[in-house]
*Asks:* 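This is the structure I have questions about; it appears just below.
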Amino acid sequence: MFKNFASEPYRYADKVTYHRLVSQGMTCISQNDIDGLRQVVGQLFRIYAWDDGGEENIASMANILRG
């Protein structure tokens with residue numbers, strides 16, 4: 001999930017926040033911090049610019065974010 005969000009920088013209007021979150025997510029991965037990574041994914045999710053299929057994506061990702 002994180003890698004998908006991180007691979008689409010063009011979907012984020014706030015590039016500074018995007019880059020900060022991607023960096024934070026990479027740190028979480030390297031430290032095996034799953035809870036921290038979930039928080040980063042949640043934040044990326046909130047600032048992601050969805051296309052027309054966004055509602056379907058939201059439903060399919062809910063379980064991942066809840067843990």
Side-chain angles (χ1 to χ4, degrees):
M1 186 76 158
F2 169 76
K3 289 180 181 180
N4 286 338
F5 281 141
S7 71
E8 298 181 320
Y10 58 90
R11 296 276 192 177
Y12 299 89
D14 183 347
K15 301 296 186 205
V16 172
T17 301
Y18 162 80
H19 287 293
R20 179 182 53 79
L21 290 170
V22 169
S23 177
Q24 187 177 348
M26 296 302 289
T27 299
C28 290
I29 289 171
S30 71
Q31 296 176 351
N32 202 29
D33 180 4
I34 301 304
D35 289 331
L37 186 58
R38 273 195 189 109
Q39 290 178 11
V40 169
V41 168
Q43 291 176 49
L44 285 168
F45 178 85
R46 284 188 281 284
I47 65 170
Y48 188 86
W50 296 96
D51 59 12
D52 291 338
E55 293 172 7
E56 293 171 14
N57 292 335
I58 289 169
S60 68
M61 289 189 272
N63 289 331
I64 293 169
L65 296 176
R66 277 188 242 157

*Asks:* Please list all pairs passing the salt bridge (charged side-chain N to carboxylate O under 4.0 Å, His left out) test where one or both residues lie in residues 3-19, with sequence neighbours left out.
*Replies:* R11-D51
*Asks:* Taking ring-ring contact (aromatic ring centres under 6.0 Å, His included) as the definition, give me every residue that meets it alongside Y18, ordered by chain and number, with sequence neighbours left out.
*Replies:* Y12
*Asks:* Under 3.5 Å, sequence neighbours excluded: what are the donor-acceptor pairs made by side chains of residues 21-35?
*Replies:*
from: T27; atom 1: OG1; to: S23; atom 2: O; distance (Å): 3.1
from: S30; atom 1: OG; to: T27; atom 2: O; distance (Å): 2.9
from: D33; atom 1: OD1; to: G36; atom 2: N; distance (Å): 2.9
from: D35; atom 1: OD1; to: R38; atom 2: NH1; distance (Å): 3.3

